[in-house]
Amino acid sequence: MAGIKDVAAEAGLSVATVSRVLNGHPSVSEDAWRRVTDAVERLGYRPNAVARSLRTDQTRTLGLVISDVMNPYFTELARSVEEEARALGYSVIIGNADERPDLQDHHVTTLLDRRIDGLLVSPTDGGSPGMLGAARAGTPMVFVDRWIPGVDVPVVRSDGRAAVRDLVAHLHALGHRRLAIIAGPAATTTGRERVDAFREALAAHGLELPDAYIGQGDFQAGSGRRVTEGFLDLAEPPEAVFAADNLMALGALDAIRARGLRVPDDIGLAAFDDIPWFVHTDPPVTAIAQPTGELGRAAVRALVDRIEGRTGASVTLPARLVVRRSCGEPASPESPSPVRRSTP
């Protein structure tokens, strides 16, 4: 196996110059960079990452702790993080918190023990001790999707308020007046924010959000089923349900079908977090889509900026409404508008 001395001999340069090129030192000339990279390619040289980390105190490795690997949103987020990190010369180790603060702390501790250079976290709650300790100790860190108010860490997230307003206006135009929400955990910023945005959007149309129309979920399918069953048992069930994430929407769909009811004939259904599956359900689900790939890439860039001594800035990107047919929309632009089923 070729070593750094072989690369130096092949390139006709000193070992010190080759080392500077391989470690990205800014003082190397373009000619030296070209000769070293050509030699590396010809020889198939692979730097010893462990030895390099001992010399530079860097491992070129990032940690990513996501809330739920079974959630397609976080799966896509992890993929974009890995791709962007690889493009910037970093590897990624992923930990799945499964919406549990204790598992989140376990992964944070394990990743720090492995001497990662920085940490991306989608917090499961208002701040588990291990994660807060890492942030306060100065570990390069970026929050992605969710965040913890008061913790001085850059946040990369989407803003769904405008999309929620668009959704409520859409439902109102379709004739829906009794609107309910399956909320995410109140301990998470996204859980609170989506309920607040939904309530504000309803108020703009003169509609209220009664307590009976707020169901507490946990961003997982089982809670979507349970909450929707409660809605359907009401003396006056909602005309449409907004699930605050995709898994809870799938659980809601299961509960509706288990009662022998149909979407949207008997009840409308919309979701936050669009996923590829939604175009294959019957009917396809109207959803709010986040720019997941862009969020993952922006989060990596912000974290690498912090690792490399630059200012890692927070980034907020807009979400958007994707209209399909789960709320009573016409099957095609030529179809007549749905009949209004209730009055203001």
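The model shown is predicted, which means the values in this text are computed figures rather than measured ones.
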Checklist entry - Who passes ring-ring contact (aromatic ring centres under 6.0 Å, His included) against F242, sequence neighbours left out? => result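 Expected list: F198.
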Checklist entry - What do the steps show when you test R324 against D274 for side chain to side chain contact (heavy atoms under 4.5 Å, CB included), and what is the final call? => result CA-CA 11 Å; R324 297 192 179 101; D274 194 19; 2.9 Å; yes
Counting only N and O atoms by type, is there a donor-acceptor contact under 3.5 Å from the side chain of [X] to the main-chain atoms of [Y]?
X: T109; Y: H106; result: no
X: T75; Y: N71; result: yes
X: T316; Y: D159; result: no
X: E76; Y: T292; result: no

Next on the checklist: Test side chain to side chain contact (heavy atoms under 4.5 Å, CB included) on N96 and L103; report intermediate values, then the result.
Outcome noted: CA-CA 8 Å; N96 172 37; L103 271 182; over 6 Å; no
Thinking salt bridges, do [X] and [Y] make one under a 4.0 Å N-O criterion?
X: D31; Y: R34; result: yes
X: R100; Y: D102; result: yes
X: D233; Y: R259; result: yes
X: E83; Y: R79; result: yes

Output the distance between atom [atom1] ([X]) and atom [atom2] ([Y]), rounded to the nearest 0.5 Å.
X: T189; Y: R194; atom1: OG1; atom2: CZ; result: 8.5 Å
X: L321; Y: D166; atom1: CG; atom2: CG; result: 6.0 Å
X: S29; Y: L13; atom1: OG; atom2: CG; result: 8.0 Å
X: L119; Y: L62; atom1: CG; atom2: CG; result: 9.0 Å
X: I116; Y: R114; atom1: CD1; atom2: CZ; result: 10.5 Å
X: D273; Y: D145; atom1: CG; atom2: CG; result: 7.0 Å

Minimum-distance pair of heavy atoms, taken over all atoms of [X] and [Y]:
X: L202; Y: E208; result: CD1-O, 3.9 Å
X: S122; Y: F74; result: OG-CE2, 3.4 Å
X: E239; Y: R177; result: OE1-N, 2.6 Å
X: G160; Y: A319; result: CA-CB, 4.0 Å
X: A212; Y: F231; result: O-CE2, 3.3 Å
X: G328; Y: L174; result: O-CD2, 4.0 Å

Item to check | Donor-acceptor pair between S67 and R146 side chains, under 3.5 angstrom | outcome: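 Short answer, yes.
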Next on the checklist: Under a 3.5 Å threshold, yes or no: a donor from one side chain and an acceptor from the other, between D218 and S223?
Outcome noted: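 Yes, a side-chain donor-acceptor pair sits under 3.5 Å.
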Next on the checklist: Applying side chain to side chain contact (heavy atoms under 4.5 Å, CB included) to L295 and S158, what does each step give before you reach the verdict?
Outcome noted: CA-CA 8 Å; L295 291 174; S158 69; 4.2 Å; yes
Taking C-beta and beyond as the side chain, do [X] and [Y] meet within less than 4.5 Å on heavy atoms?
X: D98; Y: Q220; answer: yes
X: W277; Y: L250; answer: yes
X: V304; Y: R310; answer: yes
X: V227; Y: M248; answer: no
X: T286; Y: L167; answer: yes
X: M131; Y: F143; answer: yes
X: I307; Y: Y90; answer: yes
X: L232; Y: I267; answer: yes

Are [X] and [Y] grouped together when hydrophobic residues (ILVMFWY) are joined by side-chain heavy atoms under 4.5 angstrom apart?
X: V279; Y: L253; value: no
X: Y213; Y: V195; value: yes
X: M70; Y: I66; value: yes
X: V121; Y: I94; value: no
X: V315; Y: L303; value: yes

Checklist entry - Per the side-chain contact (heavy atoms from CB on, under 4.5 Å) rule, which among I148, V151, V65 passes with P123? => result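 It is I148, the one option of I148, V151, V65 that forms the side-chain contact (heavy atoms from CB on, under 4.5 Å) with P123.
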Next on the checklist: For a side chain to side chain contact (heavy atoms under 4.5 Å, CB included) check, start with the C-alpha distance between D196 and R161, then their side-chain angles and the critical distance, and finish with the verdict.
Outcome noted: CA-CA 9 Å; D196 292 344; R161 287 184 179 271; 4.0 Å; yes
Checklist entry - Counting only heavy atoms not in R320, do more than 12 sit closer than 6.0 Å to its CZ atom? => result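 No, because the 6.0 Å sphere around CZ of R320 holds 12 heavy atoms or fewer from other groups.
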Checklist entry - Stepwise, does the salt bridge (Lys or Arg N to Asp or Glu O under 4.0 Å) test hold for E229 with R225? => result CA-CA 6 Å; E229 288 166 356; R225 286 191 295 271; 6.0 Å; no
